[in-house]
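Below: one structure, written as structure tokens.
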Amino acid sequence: MMAKNPKEVEIRICQERCKGCGFCIAFCPQQLFAAAENNRPMVSDNKKCSGCRLCEYRCPDLAIRVKGKGEAEHVPV
């Protein structure tokens, strides 16, 4: 289930797992990620998130989690 209100979405990035591939930056339709100095993503504007979870689904290292308000932690299969 996707979050309907962008303000209800929380994006977590596990920096220890992230290798800086840039998939999340490239695939985000809202362009809410920016590359930090270490080429790892940072969320530039969480309010723009639509909750589509493309960043989470495309991350090869399972370093991103998207959680809507009231949802259990979503773990991709």
Side-chain angles (χ1 to χ4, degrees):
M1 177 175 163
M2 285 194 276
K4 294 178 182 166
N5 182 345
K7 295 179 182 177
E8 295 180 357
V9 177
E10 179 183 352
I11 301 168
R12 296 181 189 170
I13 302 171
C14 178
Q15 296 296 329
E16 292 81 29
R17 293 182 128 192
C18 177
K19 66 181 174 199
C21 68
F23 287 179
C24 55
I25 296 169
F27 283 100
C28 180
Q30 304 302 325
Q31 299 177 336
L32 70 98
F33 292 99
E37 290 180 19
N38 59 4
N39 288 330
R40 293 185 177 155
M42 61 181 202
V43 179
S44 62
D45 188 359
N46 190 48
K47 293 178 184 175
K48 289 175 25 179
C49 182
S50 66
C52 71
R53 289 191 164 105
L54 281 178
C55 57
E56 182 177 14
Y57 297 142
R58 299 286 182 174
C59 181
D61 300 309
L62 305 175
I64 300 177
R65 296 285 183 259
V66 177
K67 182 181 174 199
K69 183 177 180 180
E71 290 181 355
E73 184 75 22
H74 178 74
V75 179
V77 178

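No experiment lies behind these values; they were computed from the predicted model shown.
More than 12 heavy atoms of other residues, nucleotides or ligands shown are found within 6.0 angstrom of CZ on Arg40. More than 12 heavy atoms of other residues, nucleotides or ligands sit less than 6.0 Å from atom CD of Gln15.
When all heavy atoms are compared, the tightest approach of Val43 to Asn46 is CG1-N, 3.6 Å. When all heavy atoms of Gly20 and Cys18 are compared, the pair lying nearest together is N-SG, 3.3 Å. What you find for Cys24 and Phe33 is that their closest heavy atoms are O-CD1, 3.6 Å. Smallest separation of non-hydrogen atoms from Val9 and Cys49: CG1-SG, 3.4 Å.
Partner of Lys67 under the side-chain contact (heavy atoms from CB on, under 4.5 Å) criterion, out of Glu8, Arg12, Glu56: Arg12 alone. When each of Ile64, Ile11, Val66 is checked for a side-chain contact (heavy atoms from CB on, under 4.5 Å) with Arg53, only Val66 meets the rule. Partner Leu54 forms a side-chain contact (heavy atoms from CB on, under 4.5 Å) with one of Cys59, Pro29, Cys28 and no other, that one being Pro29.
Judged as a side chain to side chain contact (heavy atoms under 4.5 Å, CB included), and not counting sequence neighbours, Asn39 has no contacts. For Ala36, the side chain to side chain contact (heavy atoms under 4.5 Å, CB included) partners at least two apart in sequence or on another chain are Asn38, Met42.
To the nearest 0.5 Å, atoms CG (Asp61) and CD1 (Ile13) are separated by 12.5 Å.
Taking a 4.5 Å side-chain heavy-atom cut-off between Ile, Leu, Val, Met, Phe, Trp and Tyr, the cluster of Phe27 extends to Phe23.
The backbone N or O of Gln30 sits less than 3.5 Å from a side-chain atom of Lys48, completing a donor-acceptor pair.
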